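Right, one structure below, let's go through it.
Sequence lines set the chain letters: A, B, ... in the order given, protein chains first and strands last, and positions in each chain run from 1. Values in this document were obtained by computation on a predicted structure and should not be read as measured data. Because only heavy atoms are used, hydrogens play no part in the values below, and waters and symmetry mates are left out as well, while side chains stay in.
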Amino acid sequence: MCILFTTMDYTFNAIEAKWRQLWQERKTYQVTEDSSKPKFYVLDMFPYPSGAGLHVGHPLGYIASDIFARYKRLKGFNVLHPMGYDSFGLPAEQYAIQTGQHPAITTKENIARYREQLDLMGFSFDWDREVRTSDPSYYKWTQWIFKQLFNAYYDLSTNKAEPIAKLIAFFEKDGNQSVNAVCDQEEVFSASTWASFSAAEKEAVLQQYRMAYLAESWVNWCPALGTVLANDEIVNGVSERGGHPVEQKRMMQWSMRIKAYAERLLEGLDRIDWTDALKEQQRNWIGKSKGASVHFAVKDTELQIEVFTTRPDTIFGVSFMVLAPEHPFVAQICTADQQDEIAAYQQQAALKTERDRQADVKNISGAFTGAYALHPFTGKEIPIWIGDYVLASYGTGAVMAVPCGDQRDYDFAKHFGLPIPAIFADKDISEMAYAEKDAFIANSDFLNGLDYKAAMEKAIAAIETKGIGKGKTNYRLRDAVFSRQRYWGEPFPVYYQDGLPQLVDDALLPVTLPDVDAYLPTEDGEPPLARAAKEAWSCQLGERMEYNTMPGWAGSSWYFLRYMDPHNQETFADPEKLAYWNQVDLYIGGSEHATGHLLYARFWTKALYDLGFLPFDEPFAKLINQGMILGKSAIAYIGPDQKMYSLDMLPADKEGFREVRILIDLLNDDETIQLDALKSWQPQYAQQEFVCNADGKVLVKREVDKMSKRWYNVVTPDDLCEKYGADTLRMYEMFLGPLEQSKPWDTKGITGVHGFLKKYWRLFHLNGQFEVSDAAPSPVALKTLHKTIKKLTDDLERFSFNTGVSSFMICVNELTEQKCNNRHILEQLTILMAPYAPHICEEIWSQLQPSSSSIFTATYPAFDASFLTESTFDYPVSFNGKMRYKATLELSLSIDEVQAHVLDKPETQKWLEGKTPKKVIVVHGKIVNIVL
RNA sequence: GCGGAUGUGGUGAAAUUGGUAGACACGCCAGACUUAGGAUCUGGUGCCGAGAGGUGUGCGGGUUCGAGUCCCUCCAUCCGCACCA
């Protein structure tokens, strides 16, 4: 067969390959600082290069940001639009554990695959600025930032991070009495005491102040992975990766004092353009609550139990106390006869993860310590219990229980038969607690008759006067544990001398990741790096190097800064370049990072700002969350007889049937299974028997899931680029719906967008070859063009990419109808469309303007409203709000004239049915409504 | 339980400040050109109804000349957090 190519054909494969190469050769997207242009920084959340490659969901945000970056470039901005890889992480390490292959090799291969796929899509990244978090030239500066944080403390009088040297100077002069800083403990010492401290004692004190510090903390320890997991890495009580059990363990860990920034992280949200939903998520995560800390004396001891309460106004309603099972006082206060019960309960609680403990609301459990606290105002004895609904890591790990005002306390009291004193006037607490704040206080001595606000104030004042506590603001946010017992992460720039942590000198950075013989922890539970031979380290100082590595979020907390100056050997980024590129103007990425990456990056930015390394304290001025693209899984049914049933052959009672997911590539267009393909897909189906429907087919059910290899519902961009071209795929992904919305992927509709591009192509090839007219454009074509310019620009400015695509379709439909091949019109349209479909537009442009090197050097079309002016308007005429007919009237008519004309129309007479209108509403240029 | 989001044709969706509901596509139906093309073009397509017309944006109320849009109650789905004191 002979295939004839003419210039008529839209040969997208050839066109796209050609321009990919030319862009690369010409470095079309390379960008440098240029003070003559306004800058614009468009950032994507860089991907973790997993072995599975990209599916169609991944590029969604990248396409949107690429369109916006190209648009801004055409608008005359100097646009920074970089890409890189978040290349440290557990999957590569898990793979290494299984296969022995070095994670660096796996990572390199995965990156190559990602790059291939990204290149296919025609993104305008400046690849000369690529960063990889696992590259020593990058993590050198991650280590350097860690050093700055280690050498900093948070000063509450200046309300910022300050060099630790300043703190030491204070200590040497006055001790810590006049220091107002965020710290763990408040042991007061004088200058002379400080001077008398040993090096170890001094360091122990400083650790309580450092922004990056070493401290014992409760962690989720996963024995199988040999590592500590963050709360959000645990799902249903087992590790997210691997599904291993997790237990609570106290360990020496590096932490980041993010709590010091709680207030500023809240305040900063008011200055950035993020969605309210996302800001709300961060606010909830930070969890600011005002209340009081109160000390309860333990009877017959010197001990004072400190609690934090948001409801000091309910202090007379306290009828018992609950400590976390891990609370340090438990062992001391527990009476002899309760010891066995308490010990048993503690053991039981230790097996549960924090999440388990919080998730299980139904089962109320606890144990009595046998000890009593004394009520600070009434002196009454209050039994002290332990219960796993109280968490050691939140607040003080102890609560004063007010069962009448808190449902959890109420349930606990009911379950164990503890008293429930009523302290709210006229509120029924026989069935449940009364947690509203609109009741008047009763049975509460000096608080009687007061409302919530007055009682709060008076209670706090009384607590402070009595010296048993003070008003306090508490945050749910916890300091972030910063070490991992893993191999594939940044080594710390830390060694130990006399058991004390010391920083590695800048000249020796980076401390590179040493090779090890295996990627598992050592037999005695040391992290994998403990396996490294001394010579394997790039430097070897003190008694030993730090064996922990940094968590995944270390590298991603500052990568947007490195893009500004990725090759700098002297500093993490040149101050002038930081000042030029400044904040990220537009950041697009998934909302799953709301309380992780996006919070940590803000934290590091603020710390670096405080220490004078950055000219801004919020990294991302505007942020958009793209929705997730979901997959449509194919579900088949296996009966008790082990046969696979067609969906329409299932009995009403599906007893004994099980669902299996089938690779969606094995489906025909009519949602039936290609039976032979299924048999050769997986061995368990090789002999599969079927119960077919009347057409002899096996129909499947489609269900929407997350797009993932494990559901066999992945669609990759590669095949679609091959079949329809990248421009089609880019436009189709945008056409799918609003960027922020989650939506299921359905490849079927892609032909509509592909057909549109062909139709656009035909505008230039009406007579079998490229041909445009240089005549003056017609008014009707100008109207179509300027309508499109207006709509497109408005749509882009509000990130409505889907309606943008349909505007192009409308425009091309109209121009086709007008048989328009006017050069001016088509040139302007091509520039408009170039951000969405860069390859085809670049190709057309090269024919329109052969001397131009790229369409992206062109100027964005200017909108001229004069082409859209109309002299008449089709007024929709409504009766009682129902549109009945349209009246074409001159726009020059006044409201009264419009009313007169409309009332005069025979259609109006028909709908009036002889009645007189009660009222006529005329909105000029909009609508006429006649009220009967 | 708390917080957030969403609910519009067979499907994805549009309607930016309260002003013609369903743009633009997919799919489907008819037809043209043709006779193997998964091509292109034309027309139709919310639902009920022969039609006139009625009806219609999760349910039920309300405000308004006018409500997908604003307010209240409820329902459903999804996401996040989760005994946060």
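In this structure A:T872 satisfies the side chain to side chain contact (heavy atoms under 4.5 Å, CB included) test together with A:T888, A:E890, sequence neighbours excluded. For A:E907, there are no side chain to side chain donor-acceptor pair (under 3.5 Å) partners, not counting sequence neighbours. Scored by the side chain to side chain donor-acceptor pair (under 3.5 Å) test, A:S293 finds A:E306 as partners (sequence neighbours excluded). Not a single side chain to side chain donor-acceptor pair (under 3.5 Å) links A:D746 to another residue, sequence neighbours left out. Taking A:K470 as the reference, nothing meets the salt bridge (charged side-chain N to carboxylate O under 4.0 Å, His left out) condition, with sequence neighbours excluded. A:K787 meets the side chain to side chain donor-acceptor pair (under 3.5 Å) test with A:E814; sequence neighbours excluded.
Rounded to whole angstrom, the span from the NZ atom of A:K787 across to the P atom of B:A23 amounts to 15 Å. In this entry the distance linking CG of A:L739 with P of B:A14 reads 12 Å, nearest Å. Per the geometry, CD belonging to A:E907 stands 19 Å off P belonging to B:U20, to the nearest Å.
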Query raised in the report: How is the base pairing of RNA chain B summarised as a dot-bracket string, given the Watson-Crick and G-U wobble criteria with both distances under 3.5 Å, [ ] for crossing and | for another strand?
Result: (((((((..(((......[....)))((((((.......))))))(((....)))..(.(((..]....))).))))))))....
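Ionic pairing of A:D719 and A:K723 is not present here: no N-O contact between side-chain nitrogen and carboxylate oxygen is shorter than 4.0 angstrom. Electrostatic pairing of A:D794 and A:R798 does not count as a salt bridge here, judged by no charged N lying under 4.0 Å from a carboxylate O. Ion pairing between A:K622 and A:D273 holds under the 4.0 Å rule for side-chain N and carboxylate O.
Distances were taken from every side-chain heavy atom of A:T803 (C-beta onward) to each of B:A15, B:C24, B:C41; the shortest belongs to B:A15. The side chain of A:N802 approaches B:A13 more closely than any other nucleotide in the set B:G80, B:A13, B:G19. Relative to the side chain of A:K743, the nucleotides B:C84, B:A13, B:U40 differ in distance, and B:A13 lies closest. Taking only side-chain atoms of A:K723, from C-beta outward, the nucleotide of B:A14, B:G38, B:U20 with the closest atom is B:G38.
Regarding contacts with the backbone of B:C84, every side-chain N or O of A:R478 stays at 4.0 angstrom or more from both OP1 and OP2.
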Scan nucleotides 2-5 of chain B against the protein and return all N/O pairs shorter than 3.5 Å with their distances rounded to 0.1 Å.
| from | atom 1 | to | atom 2 | distance (Å) |
| --- | --- | --- | --- | --- |
| B:G3 | O2' | A:N284 | ND2 | 3.4 |

Would you list the protein and nucleotides 65-72 of chain B atom pairs, both N or O, that sit under 3.5 Å from each other?
| from | atom 1 | to | atom 2 | distance (Å) |
| --- | --- | --- | --- | --- |
| B:C65 | O2' | A:N929 | ND2 | 3.1 |
| B:C65 | O2 | A:N929 | ND2 | 2.8 |

Anything under 3.5 Å between a protein N or O and an N or O of nucleotides 25-34 of chain B, put it in a table, one pair a line.
| from | atom 1 | to | atom 2 | distance (Å) |
| --- | --- | --- | --- | --- |
| B:A25 | OP1 | A:N813 | ND2 | 2.6 |

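Mapping A:I927 and A:T396 onto RNA chain B by nearest heavy atom places A:I927 at the nucleotide closer to the 5' end. Taking the nucleotide of RNA chain B with the nearest heavy atom to each of A:K882 and A:F308, the more 5' of the two is matched to A:K882.
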Report all side-chain donor-acceptor pairs from residues 916-932 of chain A shorter than 3.5 Å, counting only partners two or more places apart or in another chain.
| from | atom 1 | to | atom 2 | distance (Å) |
| --- | --- | --- | --- | --- |
| A:H924 | NE2 | A:L891 | O | 2.9 |
| A:H924 | NE2 | A:L893 | O | 3.1 |
| A:N929 | OD1 | A:G881 | N | 3.0 |

Side-chain donor-acceptor pairs of residues 623-634 of chain A under 3.5 Å, sequence neighbours excluded:
| from | atom 1 | to | atom 2 | distance (Å) |
| --- | --- | --- | --- | --- |
| A:N625 | ND2 | A:G589 | O | 3.0 |
| A:N625 | ND2 | A:G590 | O | 3.4 |
| A:Q626 | OE1 | A:G589 | N | 3.4 |
| A:Q626 | OE1 | A:G590 | N | 3.4 |
| A:S633 | OG | A:D705 | OD2 | 2.4 |
| A:S633 | OG | A:N713 | ND2 | 3.1 |

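Ring pair A:F873/A:Y875 is perpendicular by interplanar angle, where above 60° counts as perpendicular and below 30° as parallel.
Side-chain contact annotation: A:N474 with A:K288, donor-acceptor N/O pair under 3.5 Å absent.
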